[in-house]
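Encoded as structure tokens, the structure appears first; notes follow it.
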Amino acid sequence: MQTDAPFWDSLVFDGIDKVEVEAVTAAFGTVEVVARGRAACPDCGRFSDRVHDRYQRRLKDLPLAEQGLVIRLTVRRCICGSADCPRRTFAEPFSRLAAPYARFTTRLNHALERVGLALAGRAGARLALAVASWEVVYGLPPNPGVCPGVGVRVRI
């Protein structure tokens with residue numbers, strides 16, 4: 001597997017600014033891309049290297065060569081260094097990659113929306129399962145038998 005950053009930057013993060021690939025691993029049918037970003041303060045536009053906090057986001061993306069693709073994104077919460085800026089801390093926004101608090105990339109969401117609008121019903125569900133996992137399509141636990149708390153059997 002190719003692990004050089006320019007290859008993965010162009011493949012996964014095409015058109016998304018300021019994302020840096022740190023590592024790529026493949027195991028158990030899943031490719032995991034570890035990345036981090038760099039952003040400026042949304043109010044004053046100044047870049048900051050003073051890190052207040054950091055956290056990880058795990059984003060599921062479209063499959064790659066019939067393997068699931070997971071992006072593990074390190075988001076830093078930075079301290080704005082400008083004295084006249086009203087904002088003290090800010091997080092790196094990745095609005096083109098995923099919506100805030102989202103667990104799936106915008107590419108995966110758009111693909112599932114297109115499948116749902118074009119096919120709807122059971123045909124759409126079957127095709128979407130080829131693209132994404134059970135949890136993504138139905139928003140349910142991975143056990144396809146019984147939905148807990150509801151008591152309804154789900155058939156595909």
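This one's a predicted model, so the numbers in the text were calculated from it and none came from an experiment. Side-chain atoms are counted along with the backbone in the values below, which use heavy atoms only and exclude waters and symmetry mates.
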Exercise. Quick one: are Val75 and Phe94 in side-chain contact, heavy atoms under 4.5 Å?
Worked result: yes
For this session: For Tyr55 and Ala91, work out which heavy atoms get closest and say how close.
Result: OH-CB, 4.1 Å
For this session: Measure the shortest side-chain to side-chain distance between Val31 and Thr25 over non-hydrogen atoms and say whether it is less than 4.5 angstrom.
Result: no
Exercise. For the side chain of Glu92 and the backbone of Arg76, is there at least one donor-acceptor N/O pair under 3.5 Å apart?
Worked result: yes
Exercise. Nearest 0.5 Å, what's the CZ-OG1 distance between Arg77 and Thr89?
Worked result: 4.0 Å
For this session: Answer yes or no: is there a donor N or O on one side and an acceptor on the other, between the side chain of Thr106 and the main chain of Arg96, under 3.5 Å?
Result: yes
Problem set entry | Ionic contact status for Arg58 with Glu32, cut-off 4.0 Å | yes
For this session: Any chance you could measure Cys85, atom SG, to Phe90, atom CZ, to the nearest 0.5 Å?
Result: 8.5 Å
Problem set entry | pair Lys60-Leu108: side-chain heavy atoms closer than 4.5 Å | yes
Exercise. Is the side chain of Arg57 donor-acceptor paired with the backbone N or O of Ala102 at a distance under 3.5 Å, no angle test?
Worked result: yes
Problem set entry | pair Val70-Leu59: side-chain heavy atoms closer than 4.5 Å | no
Problem set entry | Residue pair Arg107 / Asp61, side-chain heavy-atom distance below 4.5 Å | yes
For this session: Any chance you could measure Arg50, atom CZ, to Cys78, atom SG, to the nearest 0.5 Å?
Result: 10.0 Å
For this session: Report yes if some heavy atom in the side chain of Leu69 is under 4.5 Å from a heavy atom in the side chain of Leu62; otherwise report no.
Result: no
For this session: With rounding to the nearest 0.5 Å, note down the distance linking SG in Cys41 to CZ in Arg87.
Result: 6.0 Å
Exercise. Below 4.5 Å, heavy atoms only, C-beta onward: do Val51 and Ile79 meet side chain to side chain?
Worked result: no
